[in-house]
S.K.: 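Let me begin by handing over the structure; questions about it come next.
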Amino acid sequence: MERTHTCGGLRESNVGEQVVLMGWVAKKRDFGVFTFIDLRDRDGVTQVVVSEETSPDAHAKAKYLRGEFVIAVKGEVVSRAAGTHNKKLATGDIEIKVSELLILNDAKVPPFQLEVAGSENLADESTRLKYRYLDLRRPQLQHNIRMRAKAVAKIREYFDNRGFIEIETPILLKSTPEGARDFIVPSRIHTGKFFALPQSPQILKQITMISGLDRYYQIARCFRDEDLRADRQPEFTQLDMEMSFVNREQVYREMEGMFNHVLKLIDVDLPTEWPRLTYAEAMRRYGSDKPDLRFGMELIDLSAELKDTDFPPFAETLSKGGEIKAIVVKGKADYSRKQTDELQEYVKRYGAGAMAWIKVGDETTSSLLKVLGEEKITELASTAGAEKGDAVLIVAGRRSVVAAALGALRNEVARRENLIDRSKYECLIVTEFPMFEHDDETDTYVAAHHPFTSPMDEDLEMFKQAIENPADHHLLGQVRAKAYDAVINGYECAGGSIRIHQKEVQALNFKALGMTPETARSRFGFFLDALEYGTPPHGGFAAGIERTCMILVGTENIRDVMAFPKTASAQDLMMDSPGEVDEAQLNELGIKVAGPRE
RNA sequence: GGGGUCGUAGUUCAGUUGGUUAGAACGCCAGCCUGUCACGUUGGAGGUCGCGGGUUCGAGCCCCGUCGGCCCCGCCA
């Protein structure tokens with residue numbers, strides 16, 4: 001028996017055809033003398049009818065069927081009787097009148113129900129992860145996995161058409177202490193030495209430019225041994241690309257082009273040229289370098305208004321160069337004490353000491369009423385642009401804290417108050433990221449993007465000055481980079497930069513990062529050598545495949561777009577990894593486990 | 001490393017102030033049923049209340065510890 005159709009495709013126009021379907025028993029409805037079976041495969045569900053009268057053999061077998069049994073049915077496509085059409089099924093106008101039924105395989109009772117009315121009541125995720133192969137049978141996950149395949153195909157199509165060459169780079173690389181923690185792999189042949197898995201193919205893709213390949217791309221698996229999040233897994237996939245002889249705008253064009261091509265999969269038309277926002281402006285207006293532009297609620301600076309205040313927390317903040325900023329929540333003057341308390345708790349996670357509020361109701365009330373007085377409160381509300389009925393939420397503190405706290409609060413309030421239009425797709429490119437971030441713990445500057453990022457031409461003099469004069473070292477914090485991110489709906493979907501192609505600038509950069517020439521050489525010597533043999537100007541970007549797919553299928557969880565994801569504690573519950581290895585394997589590698597085993 | 005939250009039948013959940021035999025729905029098992037599609041109907045099985053300890057005459061419920069899922073902070077060049 002050969003399958004002739006899948007379970008999603010048969011329609012009224014197929015009536016009269018003899019067909020063979022194969023799939024899983026999704027549901028059985030037994031009426032004694034005949035039985036309905038909902039037969040499911042990756043394309044959909046088709047109802048098949050087995051009648052005792054017309055096919056006694058098949059009917060006898062149908063008695064034994066249970067959920068998830070694998071069967072083949074042969075029969076005629078028939079139109080359903082009037083009044084028995086099922087509008088919920090794409091195939092609901094027809095059914096299969098079965099003449100032959102084969103049980104291809106039986107199945108144990110699944111540990112959880114695959115189909116639950118209303119997708120909200122899914123079984124516990126750890127159970128579903130242990131039986132991932134069953135969870136993956138759910139139509140939603142089938143759809144997500146197929147959407148991911150389509151997205152990757154679109155990406156390949158885009159870059160192939162644009163003259164890019166797909167190049168695979170090694171998975172076994174050399175560890176560099178920069179950036180994220182490496183996953184390391186012991187070498188058997190070189191006992192005591194280790195490979196590292198790529199955090200990204202960064203240096204190698206730059207070397208393909210030095211090699212004259214001109215336009216590179218790769219669907220690259222990346223590995224980072226850091227803690228997980230709803231949108232972060234220890235291994236993930238990037239679209240990685242690099243091009244020679246280009247400026248930033250040329251790279252933006254490819255980012256826009258690629259995403260616009262991919263988003264067509266869900267009939268979304270993004271603008272040919274995306275809005276641009278500098279990092280500084282994004283932080284100022286949204287408190288985030290990846291603002292969600294599907295709603296407004298921009299941050300408003302109240303510092304000037306409060307410059308003469310004697311309220312100690314505010315006065316102290318301002319005297320230390322901090323800021324006092326606010327967001328206005330439309331129509332929420334009726335926030336209860338409990339709600340503002342909750343929002344205050346939320347904001348404290350980001351280091352804010354407190355959150356003040358003003359409610360412009362019939363009367364204007366405020367947590368600051370006693371300390372600032374009614375007049376000042378009214379003035380502040382008006383400066384913030386609050387109208388009657390609105391709430392103003394205020395945070396004071398260091399610039400970075402205010403941005404983090406209010407940026408997160410802006411998203412949280414939008415989520416709570418349903419301010420986000422799920423049918424909208426808002427994209428932008430954030431430009432001119434800082435070159436360096438200050439590490440408060442060690443009082444050093446670290447690369448904000450990666451150590452091969454080119455500074456802005458305008459800032460090159462300041463960069464040199466900061467390094468040559470120790471007194472001007474702090475200027476490093478002001479140096480901007482030719483680095484950029486692509487942001488869709490508040491997700492950082494891609495990031496990249498124009499790279500340094502002159503060895504002098506590269507040396508300067510290593511120095512800024514506190515690396516001696518010797519250290520730099522021991523870590524990146526091969527790359528520094530390569531830079532000296534005629535490196536073209538080049539740049540590129542890397543896009544997160546999973547984050548892009550999350551947008552395509554409308555989920556907030558990365559596990560929904562990966563076939564075999566890991567838990568928040570970085571385990572695979574299905575294969576139970578990571579696992580122990582034999583003593584013999586360790587001996588062969590010359591490895592002894594020093595710490596206590598779990 | 002830190003914080004929050006959840007953990008009761010195969011699954012989703014309820015379980016009062018600490019009180020006799022821990023419930024419901026779905027699923028599962030057995031029967032009946034000629035048009036269902038959340039089929040209906042009759043009957044039945046199914047529990048280490050995550051685990052360990054403590055308080056108490058008595059703990060699913062209170063306390064301490066621990067394990068696991070999820071979310072967040074730190075971390076993620």
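Atom set for the values below is all heavy atoms of this structure, side chains included, hydrogens, waters and symmetry mates excluded. So that the names make sense, note that chain A is the first sequence line, chain B the second, and so on, each numbered from 1.
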S.K.: Whole-Å distance between B:G2 C1' and A:L228 CG?
M.R.: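 Spelled out: CG on A:L228 to C1' on B:G2 is 17 Å.
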
S.K.: Examine B:C39: is either OP1 or OP2 under 4.0 Å from a nitrogen or oxygen in the side chain of A:R29? Give yes or no.
M.R.: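 Yes, A:R29 has a side-chain N/O under 4.0 Å of OP1/OP2 on B:C39.
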
S.K.: Spell out yes or no: do the side chain of A:Q47 and the base of B:U36 have one donor N/O and one acceptor N/O closer than 3.5 Å?
M.R.: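 Answer yes: a donor N or O sits under 3.5 Å from an acceptor.
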
S.K.: For A:E437, which residues count as a side chain to side chain donor-acceptor pair (under 3.5 Å) partner, sequence neighbours excluded?
M.R.: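 Testing A:E437 for side chain to side chain donor-acceptor pair (under 3.5 Å), a comparison that skips the adjacent residues, returns none.
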
S.K.: Go through B:G35, B:U11, B:U34 for me and flag the one nearest to the A:T84 side chain.
M.R.: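 The closest nucleotide is B:G35.
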
S.K.: May I ask you to verify whether the side chain of A:E345 and the base of B:G4 hold a donor-acceptor pair under 3.5 Å?
M.R.: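 Counting by modelled atom types and ignoring angles, no donor-acceptor contact under 3.5 Å is found here.
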
S.K.: On RNA chain B, does the nearest nucleotide to A:F34 precede the nearest nucleotide to A:P111 from the 5' side, or the other way round? Give the residue.
M.R.: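 Going by which nucleotide is closer to the 5' end, it is A:P111.
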
S.K.: Please state the P separation for the pair B:A9 and B:G15 - nearest whole angstrom.
M.R.: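 Nearest-Å result for B:A9 against B:G15 at atom P: 15 Å.
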
S.K.: NZ of A:K87 versus P of B:A38: gap in Å, rounded?
M.R.: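 After rounding, the reported distance stands at 13 Å.
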
S.K.: Within the 4.0 Å heavy-atom criterion, would you say A:R80 contacts the bases, only the backbone, or no part of the nucleic acid?
M.R.: base

S.K.: Within the structure, does a side-chain N or O atom of A:K88 lie under 4.0 Å from either OP1 or OP2 of B:A38?
M.R.: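 Looking at the OP1 and OP2 atoms of B:A38, one of them is under 4.0 Å from a side-chain N or O of A:K88.
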
S.K.: Any base atoms under 4.0 Å from A:D124, or only sugar-phosphate, or nothing? Heavy atoms, all strands.
M.R.: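 Touches sugar-phosphate only.
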
S.K.: To the nearest angstrom, how far is A:L89 atom CG from B:C37 atom P?
M.R.: 12 Å

S.K.: Select from A:F112 and A:R547 the residue whose nearest nucleotide in RNA chain B is closer to the 5' end of that strand.
M.R.: A:F112

S.K.: Measure from CZ on A:R349 to C1' on B:G2 and round the result to the nearest Å.
M.R.: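 Atom-to-atom, A:R349 to B:G2, this comes out as 13 Å.
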
S.K.: Looking for any heavy atom pair under 4.0 Å, which part of the strands does A:T176 touch: base, sugar-phosphate only, or nothing?
M.R.: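 Nothing, no nucleic acid heavy atom in range.
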
S.K.: Does any donor-acceptor pair link the side chain of A:R229 with the base of B:G74 at a separation under 3.5 Å?
M.R.: yes

S.K.: A:L122 CG to B:C13 C1': how many Å, rounded?
M.R.: 14 Å

S.K.: Considering the options A:L129, A:D560, A:L573, A:D572, which one meets the side chain to side chain contact (heavy atoms under 4.5 Å, CB included) requirement together with A:P565?
M.R.: A:L129

S.K.: Any side-chain N or O of A:K28 below 4.0 angstrom from OP1/OP2 of B:C37?
M.R.: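 For B:C37, neither OP1 nor OP2 has a side-chain N or O of A:K28 closer than 4.0 Å.
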
S.K.: My understanding is that a pair needs two contacts under 3.5 Å, Watson-Crick or G-U wobble. By that rule, which nucleotide pairs with B:G35?
M.R.: none

S.K.: Looking at every strand, decide which applies to A:V446 at a 4.0 Å heavy-atom threshold: base, sugar-phosphate, or nothing.
M.R.: nothing

S.K.: Please give me the minimum heavy-atom distance between A:G16 and A:E76, naming the atom from each residue.
M.R.: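 Residues A:G16 and A:E76, closest heavy atoms: CA-OE2, 3.7 Å.
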
S.K.: Would you mind classifying the nucleic acid contact of A:E492 as base, sugar-phosphate or nothing, using non-hydrogen atoms under 4.0 angstrom?
M.R.: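 The answer is nothing, as A:E492 stays clear of every strand by at least 4.0 Å.
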
S.K.: Decide yes or no, distance alone: a donor-acceptor N/O pair under 3.5 angstrom between the base of B:C75 and the side-chain of A:R232.
M.R.: yes

S.K.: Indicate whether OP1 or OP2 belonging to B:C70 is found under 4.0 Å from a side-chain N or O atom of A:S126.
M.R.: no

S.K.: Just call it for A:F452: base, sugar-phosphate, or nothing, with non-hydrogen atoms closer than 4.0 Å on any strand.
M.R.: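 No contact.
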
S.K.: Please work out which residues in residues 555-567 of chain A have a non-hydrogen atom less than 4.0 Å from an atom of RNA chain B and list them by number.
M.R.: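 Only A:N557, A:R559, A:T567 qualify.
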
S.K.: B:U20 and B:C29: how far apart are their C1' atoms, nearest whole angstrom?
M.R.: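 Each nucleotide's C1' atom is 31 Å from the other's.
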
S.K.: Taking only side-chain N and O atoms of A:Q571, does any of them lie within less than 4.0 angstrom of OP1 or OP2 on B:G69?
M.R.: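 Answer yes for this pair, as a side-chain N or O of A:Q571 is under 4.0 Å from OP1 or OP2.
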
S.K.: When you measure from the side chain of A:D227, which nucleotide among B:G1, B:G35, B:G69 comes out closest?
M.R.: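 Of the candidates, B:G1 comes closest.
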
S.K.: Under 4.0 angstrom, heavy atoms only, what part of the nucleic acid is A:P451 near: base, sugar-phosphate, or nothing?
M.R.: base

S.K.: Starting at atom NZ of A:K27, determine the distance to atom P of B:A38, rounded to an integer number of angstrom.
M.R.: 9 Å

S.K.: Which part of the nucleic acid, if any, lies within contact of A:Q199, taking any heavy atom under 4.0 Å across all strands shown: a base, the sugar-phosphate backbone alone, or nothing?
M.R.: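 No contact.
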
S.K.: Side chain of A:D38: nearest nucleotide among B:A30, B:C37, B:C33?
M.R.: B:C37

S.K.: Under 4.0 Å, heavy atoms only, any strand: does A:A568 hit a base, just the sugar-phosphate, or nothing?
M.R.: sugar-phosphate

S.K.: Return the value, rounded to whole Å, for the distance between atom CD of A:E95 and atom C1' of B:G35.
M.R.: 8 Å

S.K.: Mind calculating the distance between CG (A:D182) and P (B:C76) to the nearest angstrom?
M.R.: 12 Å

S.K.: Applying a 4.0 Å non-hydrogen cut-off, can you work out what A:R224 is touching in the nucleic acid: base, sugar-phosphate, or nothing?
M.R.: base

